[in-house]
Structure formats: C-alpha cells, structure tokens
There are 2 protein chains.
Amino acid sequence: MTAGMKPKPVSSAGARRTTISDVANALGMAKGTVSRALNGYSDISEGTRLRVQNMARQMDYRPLSHAQAIRTGRVRSLGLVLQTGEYDGHSPMLADFLAGIAHEVGTQGWTLTVGAATTMQDTLATLKSLSEERKADGFIIPRTYTNDPRVDLLRRLEIPFVLYGRTQDPQDCAWYDIHGGEAMSDAVARLVSFGHRRIAFINGGVEYYYSRLRLAGYYAGLDQEGMTRESALLRQGAVTEEQGEAAALELLHQDSPPTAIICAVDRAALGVFRALRRFGLTAGQEVSVIGYDGIAEGAFARPQLTTFAVDTYKAGNRLAHLLIARLLGSPVEGLRETDVAALVARDSDGPAKVTSEELAVILRQNSTQNT
Amino acid sequence: MTAGMKPKPVSSAGARRTTISDVANALGMAKGTVSRALNGYSDISEGTRLRVQNMARQMDYRPLSHAQAIRTGRVRSLGLVLQTGEYDGHSPMLADFLAGIAHEVGTQGWTLTVGAATTMQDTLATLKSLSEERKADGFIIPRTYTNDPRVDLLRRLEIPFVLYGRTQDPQDCAWYDIHGGEAMSDAVARLVSFGHRRIAFINGGVEYYYSRLRLAGYYAGLDQEGMTRESALLRQGAVTEEQGEAAALELLHQDSPPTAIICAVDRAALGVFRALRRFGLTAGQEVSVIGYDGIAEGAFARPQLTTFAVDTYKAGNRLAHLLIARLLGSPVEGLRETDVAALVARDSDGPAKVTSEELAVILRQNSTQNT
DNA sequence: ACCCTTGCCGAAACCGGTTTCGGAAATCAG
DNA sequence: CTGATTTCCGAAACCGGTTTCGGCAAGGGT
C-alpha cells in the first residue's frame with residue numbers, strides 16, 4: 001500500500017461503507033494512527049493530522065457509532081423517557097419539543113432514543129435499562145418535580161442528564177428553564193396597569209417545581225404592586241380544562257370575585273373561558289384571563305388567549321445542546337440556561353370594566369340562569 | 001476453568017456487566033458456542049442449549065446490541081422520522097403513538113430512534129442518513145401519501161419499513177391501517193337512520209391516501225342508502241379548525257344546506273362547531289356533526305363530539321410489532337393489519353329536527369346578525 | 001472390523017473501531 | 001560527536017460479540 005493511492009471511486013451499487021482501514025491504507029498509514037489523528041490525540045503531528053482529515057473528508061468516512069461504542073462505551077445518543085399517564089394537556093407541545101431535540105442532535109451527528117413509561121416506577125426502570133444497555137449516553141429529563149426520583153437515580157448511577165426545568169437540589173444538575181415566575185409577576189403588573197385590583201392565580205400541579213416558581217412570581221408581582229396575598233384568590237393543581245373550569249367557578253362564586261385570573265397553564269385558562277361562558281361572560285371583557293405556555297389552541301380559542309408563550313422547539317434544542325456538551329466533558333456549572341417566556345398579547349385580557357363588587361352582582365344574576 | 005463454577009455474585013459496586021465470555025467460562029465452554037446456543041444455531045445439542053440459556057439467565061446476561069451490530073449490522077432499533085411542519089392538528093395523538101411504539105419496542109428489547117425534519121426533502125435525507133449510520137434497522141412511516149417518496153426511497157435502498165396507513169402501490173409494503181372508509185360509510189348510515197337526507201362530507205388533506213379511502217367510504221355509504229353524490233356537499237383538504245370552519249361556512253351558505261356534516265378529521269369537526277355557532281346554532285341540534293380521530297378535545301368540546309375514535313396507542317404498538325417481525329424475516333405479505341375505528345356516540349349528532357329547506361331559512365335569518 | 005456420516009463443539013478469525021506500548025527518527029543538551 | 005530526550009507513528013492488543021472452519025467422537029452401514 002503506497003501513500004499515493006487514489007481515493008475510492010464514487011460508491012457504486014453494492015458499495016460497502018468506507019471504514020477506517022480504507023482511509024488508513026489509502027494514506028499508507030496504520031489505522032490506529034488514523035483513529036488518533038481524527039480524535040485529536042496529541043502524539044500526532046499537525047501535518048499528518050491534516051492529511052488524515054482531508055482524506056477522511058474526501059472519502060466521506062464517518063465512523064459507525066456502535067463500532068466506537070464497543071470500546072468507548074459511548075454511543076452518541078441522547079435518551080428521553082416519556083411518561084404518558086392520563087391526559088394532562090401537555091402533549092400538544094411534544095411534537096415541537098421532539099423536533100427541537102432531534103434537530104440539534106441530528107446536526108451534531110448524535111441520535112435521540114426515546115422510551116415510554118406509564119408510572120414513575122416504570123420510568124425509573126426504563127431509564128436504568130436504557131443506560132445499562134447503553135442505548136443512551138445521557139438523558140433529558142422533562143417536567144421536573146420538586147423532588148425528582150429520576151434525578152436521584154441518575155445521580156446515583158453517575159449518568160449525565162439535563163433537566164427541562166429546575167429541581168430543589170441543584171447538585172450535579174444541568175438545566176434549561178424558562179423564567180415562569182418572572183412571567184407571572186409581569187402578568188400581575190400588566191393587569192394592575194389595566195386597573196384590576198383583585199387578581200387571582202390558578203396554579204398548576206403542585207408536585208412540579210415550576211408551580212413553586214410561578215407561585216413565587218405571582219406573589220412577587222403582588223408585593224411589587226403593594227397588594228396583599230389572599231388565599232381566597234389562589235387555587236392549585238389545575239392542568240386540564242376541567243380543573244381550570246372548576247377552579248374558576250370556585251373563585252367566581254366568592255363574595256369578592258377576582259376581575260382577573262392568571263393561570264400557570266394555558267389549558268387551565270381555556271377552562272376558565274368555559275367557566276365564564278357559563279355566566280354569560282367572555283374573557284377579556286368583565287374578567288381578564290392570562291395564560292402561560294403558548295399552546296396552539298390558545299390562538300384558535302374565542303376570545304384569543306393572552307399568554308406567555310414558551311418556545312418549546314428552542315427548549316428541546318438547547319437541552320440537547322447542553323446535554324451533548326455535558327457528555328463531552330463540560331463542567332455542569334456552566335450548563336445552566338434560563339430563558340424568558342414571551343408575552344403574546346391577544347384578546348382575553350384588557351382594561352378592567354367592572355369592579356369586584358359589580359362583578360359579584362352580575363355573577364349572582366346570571367348564576368340563576370345557568371348551572 | 002471448570003464447568004462447576006458458581007455464577008458470579010450479585011453485582012457489587014463497580015461491577016462490570018456480564019459478558020458472553022463470563023458466561024462461557026462459567027460453563028467451561030468457548031464463547032462462540034455460547035453465542036450459537038443463544039442464537040438458535042442447529043449445530044448445538046438440546047442439552048447444552050438449555051444449560052447455556054439457564055446460566056445466561058442466572059447471570060443476567062444480556063448482549064449489548066451495539067456489540068452485536070458490529071458484526072451483524074443490526075442494532076435492534078426502529079426508526080421514526082417526524083415531519084413537523086405547520087400546525088396540522090395531528091400532534092395531539094403523537095404522545096400516544098410514541099408510547100405505543102416505545103412500549104412494544106421496550107418489551108422486545110429493541111429501541112426507538114427518532115429523527116425530525118421539516119420538509120419532505122429533509123425527511124428523505126434523514127431516513128437515508130439514519131440507515132446509513134445504522135442507527136435504525138427499519139422505519140415506521142406515519143401519515144402515508146398516495147404516492148409516497150419515502151416508500152420509494154426505502155424500497156430502492158432495500159430497507160424494511162412499515163406504513164401507518166396504506167399507499168397506492170402495495171409492493172414491498174407492510175402496514176397497519178384503520179378502516180377509515182368503513183367508518184365514513186357507517187357515519188352516513190347512522191345519519192340516514194336519524195332522518196338526515198342531505199349529508200355533507202368535509203375531507204382531509206388530499207395528498208394523503210387516507211382521504212381517498214374515506215371519500216370512497218362516504219360515497220359507498222351514500223350508494224348503499226340510495227342517495228346521490230353531489231359535489232355541492234363535498235369539501236376537501238380541511239385538517240385544522242379554521243379550514244373546517246371555512247368549509248362548513250361554504251356548505252351552509254348554499255341554497256340547500258346539509259343538515260348533517262361528516263368530517264374526515266376531528267379537528268375540522270371542531271371547526272364546524274364554530275361555524276354553526278356563528279349562526280347561533282349548536283351541533284347536534286339543527287345540524288349533526290360526526291368526526292373521525294378521537295382526539296381528546298372532542299370529549300371536552302361543547303357539545304361533546306360524536307366521532308370514530310382510533311386507538312393511536314394500539315396503532316403504534318402494532319406497527320412496532322409488525323416492523324420487528326419483518327426485520328426478523330417474516331414475509332411482508334403476512335404483515336398487513338387493518339383495524340376498525342370505534343364509534344363514540346356523544347352529543348354532536350342526533351335525529352334530524354329540521355329539513356334542509358327549514359335550515360336554509362334559519363341560516364338566512366341568523367346570517368344577518370353575525371359574520 | 002472398517003469406512004463414512006453425522007452431531008457437536010472448540011479454536012480462531014472477524015467486524016470496525018480505540019488504546020496501549022514500544023521503538024525509530026529527530027531534536028536537544030553538554 | 002555522543003547520550004538523553006522528545007516527537008511521532010506502526011504494530012498489536014482489545015472491546016464484546018458473531019461466524020467460519022475443522023476435527024473429535026459417536027452412530028450407521030456393510
């Protein structure tokens with residue numbers, strides 16, 4: 001094998017892929033040398049490194065990840081375990097999320113491996129087996145809990161991961177998160193500027209860490225405006241339309257009903273629409289409603305939902321990026337990103353047209369007709 | 001190494017996985033023998049096969065798929081490339097679909113690798129690279145077109161695949177499909193039995209093969225009832241709420257409006273609701289509406305949508321099953337399953353309360369107020 | 001008793017990479 | 001000019017499996 005061999009011809013019909021050996025003896029070198037040159041070992045001279053890289057590019061050589069994995073143990077794949085229980089209204093964003101991950105992963109030459117589970121127990125087992133079988137080098141953990149058993153598991157197993165959202169104990173954690181709290185306090189400020197004085201908050205699932213942050217944001221917003229916190233204006237654990245509707249009904253049936261309702265989750269906000277409709281009211285008129293998420297249905301609802309939209313595609317994208325960085329050795333402290341949700345002002349909120357007292361009268365009048 | 005060695009102790013802290021060599025010399029055999037015993041070679045006696053299998057189970061030996069892949073070229077992974085373009089209303093089912101695939105795949109010891117693309121061009125490139133890099137042994141092709149370039153590509157590359165839905169040329173194709181056509185003709189029959197005489201059909205995207213089948217089903221239903229086909233009662237290409245709403249408005253603005261509307265897609269049916277609401281009408285009263293898909297929103301809509309529900313989880317499940325079978329060597333002809341959609345009778349359809357003529361009058365009256 | 005199958009398994013090559021090890025050539029110190 | 005380092009690369013081992021090949025022993029036919 002002389003060094004002057006010409007690169008292999010354009011792949012004919014039954015062409016085998018070019019292997020590292022092909023590259024090696026096209027260059028007249030040992031395959032070990034080619035490997036080290038390609039992987040940036042320091043004992044390779046700059047000259048040969050270049051020659052190898054050029055030849056590899058010319059011959060369109062791409063190492064097979066599973067062939068590398070046998071020695072390195074790394075398969076260049078990110079894992080994602082979906083927990084699909086009851087309908088929780090979050091699935092609409094899934095497609096974008098996956099697209100975001102898959103795109104980033106694809107351009108880096110990595111892969112996305114997805115598993116599914118129904119219970120947390122099941123999720124943990126799936127995580128364990130996927131990593132034991134080395135189907136994934138690390139995991140993206142979506143929808144983090146305040147106290148997340150998945151985090152505990154992966155920490156114990158020393159398997160890299162990155163969170164979508166944060167968790168109570170940040171040790172060993174990389175994450176991408178949206179400032180949901182900030183959005184909530186912005187919502188309060190916006191509603192106050194519209195003249196609202198009684199602003200309620202319908203929070204999401206209490207087990208998720210995000211609901212803590214959003215509640216804190218709501219409180220911060222109240223504080224900033226010099227308003228007092230009232231438990232009568234707070235409802236927790238609404239993530240579906242029904243739950244949102246039920247929570248809104250509770251809020252509206254009080255003596256001093258809120259003239260504005262902030263929801264931690266868009267779908268709950270759509271439920272609030274329904275509750276209002278029961279009284280013959282429409283969001284954005286007598287009562288303002290602001291949501292959070294930016295689901296597509298919000299734009300199609302009547303009235304169109306004002307919301308703080310999160311870019312789910314981008315989230316997936318950044319998460320993949322961060323996890324790959326972590327797997328490549330970046331220290332976890334540098335892999336923590338937060339972003340802001342973008343206010344999408346539509347029709348479901350606006351200037352206060354009635355006071356709480358006036359609203360109470362209207363509600364009493366109309367409640368006799370319905371329900 | 002004697003044959004009587006005891007199995008390795010329960011994995012301690014830094015325990016390596018058990019390899020095939022571990023099993024081999026626990027049994028005092030050559031590793032090649034173990035491999036052949038486990039893979040059902042015929043030159044292994046029944047006795048040793050049993051001994052090997054037992055020992056493997058005892059030692060919890062599971063071969064690493066990427067280690068096998070290096071020789072076999074098969075990684076035991078199914079590929080799925082999502083095409084995420086504009087919001088087409090189909091994403092809600094995605095979570096269930098993935099769960100169905102992932103579950104089947106998981107229990108068989110396989111994996112699901114997902115990619116994403118925005119355009120068809122992109123999808124084809126992704127399919128090609130995923131298979132070239134051997135990230136997937138075969139593909140699940142969702143949302144089949146009448147004439148599907150993905151099928152052409154995979155056929156040409158001789159890569160196994162299975163379709164969710166059918167396509168024009170069945171050569172080399174395995175599939176799982178729902179009898180959408182049957183559902184549509186059932187819908188016609190149901191509406192006729194309710195006394196409806198003018199029944200319209202709002203079809204889905206014309207490029208998909210399913211819309212041909214559903215249209216044919218609608219026609220078959222009409223034929224069976226001795227009704228004539230009228231192009232005035234047919235609209236095509238509605239997959240979103242807006243498109244459904246627009247199509248319904250067109251249908252209702254005619255001189256002889258339909259008293260019942262069948263939609264090939266639930267989301268379009270929800271759009272029809274909105275169109276009716278514009279006229280102060282509600283589905284299930286003056287006009288009956290029947291959808292197809294069984295999306296969760298249908299149950300939450302007011303009125304609740306009568307629809308033919310497809311079990312998306314099951315679809316994913318069966319598709320994974322079929323593809324794995326195909327990859328294991330089953331002839332493609334035996335890998336074609338069809339299932340039926342289940343009628344979920346709710347509130348959006350019912351006995352005809354007005355004739356088309358009466359409806360026309362109502363619509364004319366109300367159209368002056370709205371729009 | 002002998003040859004020929006057949007059944008069954010060990011040994012070794014192989015898949016496509018990575019990593020270790022050792023030595024030749026080049027560079028440096030004195 | 002010599003000896004000691006460095007620099008750089010070839011050779012070979014290795015990763016965890018699969019597959020080929022050949023041979024020993026048991027069984028069958030005559």
Side-chain angles (χ1 to χ4, degrees), chain A residues 1-3 8 15-53 55-56 59-77 109 132-135 137, chain B residues 1-3 8 15-53 55-56 59-77 109 132-135 137:
Chain A
M1 296 302 146
T2 66
K8 95 173 214 284
R16 233 179 62 267
R17 300 176 57 92
T18 38
T19 76
I20 197 169
S21 303
D22 294 338
V23 177
N25 42 29
L27 286 163
M29 308 204 260
K31 64 175 184 172
T33 307
V34 173
S35 173
R36 277 170 299 161
L38 256 22
N39 291 322
Y41 275 62
S42 60
D43 65 345
I44 298 291
S45 76
E46 201 49 34
T48 46
R49 183 190 318 287
L50 251 51
R51 283 174 55 216
V52 169
Q53 287 173 342
M55 181 59 80
M59 299 178 71
D60 190 32
Y61 166 69
R62 284 158 316 192
L64 288 172
S65 65
H66 61 259
Q68 306 181 277
I70 187 183
R71 192 75 220 264
T72 63
R74 275 161 277 124
V75 290
R76 285 208 314 258
S77 172
E132 276 178 354
E133 312 286 319
R134 296 211 165 286
K135 305 289 194 150
D137 302 321
Chain B
M1 297 299 149
T2 69
K8 92 172 215 286
R16 234 180 60 266
R17 303 176 56 90
T18 35
T19 75
I20 197 170
S21 302
D22 294 338
V23 178
N25 43 27
L27 286 162
M29 308 204 265
K31 64 175 185 173
T33 307
V34 173
S35 172
R36 275 170 300 162
L38 257 23
N39 292 323
Y41 275 61
S42 60
D43 66 344
I44 298 292
S45 76
E46 200 49 33
T48 46
R49 184 192 316 288
L50 251 51
R51 284 175 55 219
V52 170
Q53 286 172 342
M55 181 58 80
M59 299 178 69
D60 190 32
Y61 166 68
R62 285 158 315 190
L64 288 172
S65 64
H66 60 258
Q68 306 181 248
I70 186 182
R71 191 74 219 265
T72 65
R74 274 162 274 124
V75 290
R76 286 210 312 261
S77 173
E132 275 178 355
E133 313 287 318
R134 295 211 166 286
K135 305 289 194 152
D137 302 322

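This one's a predicted model, so the numbers in the text were calculated from it and none came from an experiment. Letters A, B, ... mirror the listed sequences (proteins, then strands); counts begin at 1.
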Mind calculating the distance between [atom1] ([X]) and [atom2] ([N]) to the nearest angstrom?
X: B:Arg62; N: D:dG16; atom1: CZ; atom2: C1'; answer: 15 Å
X: B:Ile20; N: C:dG10; atom1: CD1; atom2: C1'; answer: 14 Å
X: B:Ile70; N: D:dC15; atom1: CD1; atom2: P; answer: 13 Å
X: B:Arg49; N: C:dG7; atom1: CZ; atom2: P; answer: 13 Å
X: A:Asn39; N: D:dC9; atom1: CG; atom2: P; answer: 15 Å
X: B:Ile44; N: D:dT20; atom1: CD1; atom2: P; answer: 14 Å
X: A:His66; N: D:dG17; atom1: NE2; atom2: P; answer: 14 Å
X: B:Asn25; N: C:dA11; atom1: CG; atom2: P; answer: 12 Å

Which atom names give the shortest non-hydrogen contact between A:Asp43 and A:Arg36, and what distance separates them?
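In this case the closest contact between A:Asp43 and A:Arg36 is OD2-NH1, 3.2 Å.
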Minimum heavy-atom distance A:Val75-B:Lys135, with the two atoms named:
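Between these two residues, the closest heavy atoms are O-NZ, 4.2 Å.
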Is any side-chain N or O of [X] closer than 4.0 Å to OP1 or OP2 of [N]?
X: A:Tyr61; N: C:dG16; answer: no
X: B:Ser35; N: D:dT18; answer: yes
X: A:Thr72; N: D:dC15; answer: no
X: A:Ser21; N: C:dG17; answer: no
X: B:Thr19; N: D:dC15; answer: no

Describe the nucleic acid contact of A:Gly32 in one word from base, sugar-phosphate, nothing, applying a heavy-atom distance below 4.0 Å.
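The answer is base, as A:Gly32 lies within the cut-off (heavy atoms under 4.0 Å) of a base atom.
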Of the options D:dA13, C:dG10, D:dC15, whose atoms approach the side-chain atoms of A:Lys31 most closely?
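Nearest to the side chain of A:Lys31 among the choices is D:dA13.
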Nearest to the B:Ser45 side chain among C:dC9, D:dG17, D:dC14, which nucleotide is it?
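Ranking C:dC9, D:dG17, D:dC14 by closest atom to the B:Ser45 side chain puts C:dC9 first.
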Base of C:dG10 paired with side chain of B:Arg36 (donor-acceptor, under 3.5 Å)
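A donor-acceptor contact between them is present.
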Donor/acceptor link under 3.5 angstrom from B:Asp43 side chain onto base of C:dC8
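There is none.
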Starting from the 5' end of DNA chain C, give me the residue, B:Met29 or A:Ala67, whose nearest nucleotide shows up first.
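Its nucleotide being nearer the 5' end, the pick is B:Met29.
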Side-chain ion pair, B:Arg17 and A:Glu132, N-O less than 4.0 Å
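No salt bridge links B:Arg17 with A:Glu132.
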Ignoring hydrogens and geometry, is there a side-chain-to-backbone donor-acceptor pair from A:Arg49 to A:Tyr41 under 3.5 Å?
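Checked: pair present.
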N/O donor-acceptor pair under 3.5 Å between B:Ser65 side chain and B:Arg76 backbone:
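Not confirmed, B:Ser65 side chain does not pair with B:Arg76 backbone.
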Earlier contact from the 5' end, DNA chain D, for A:Ser42 and A:Arg71
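Counting from the 5' end, the first nearest nucleotide belongs to A:Ser42.
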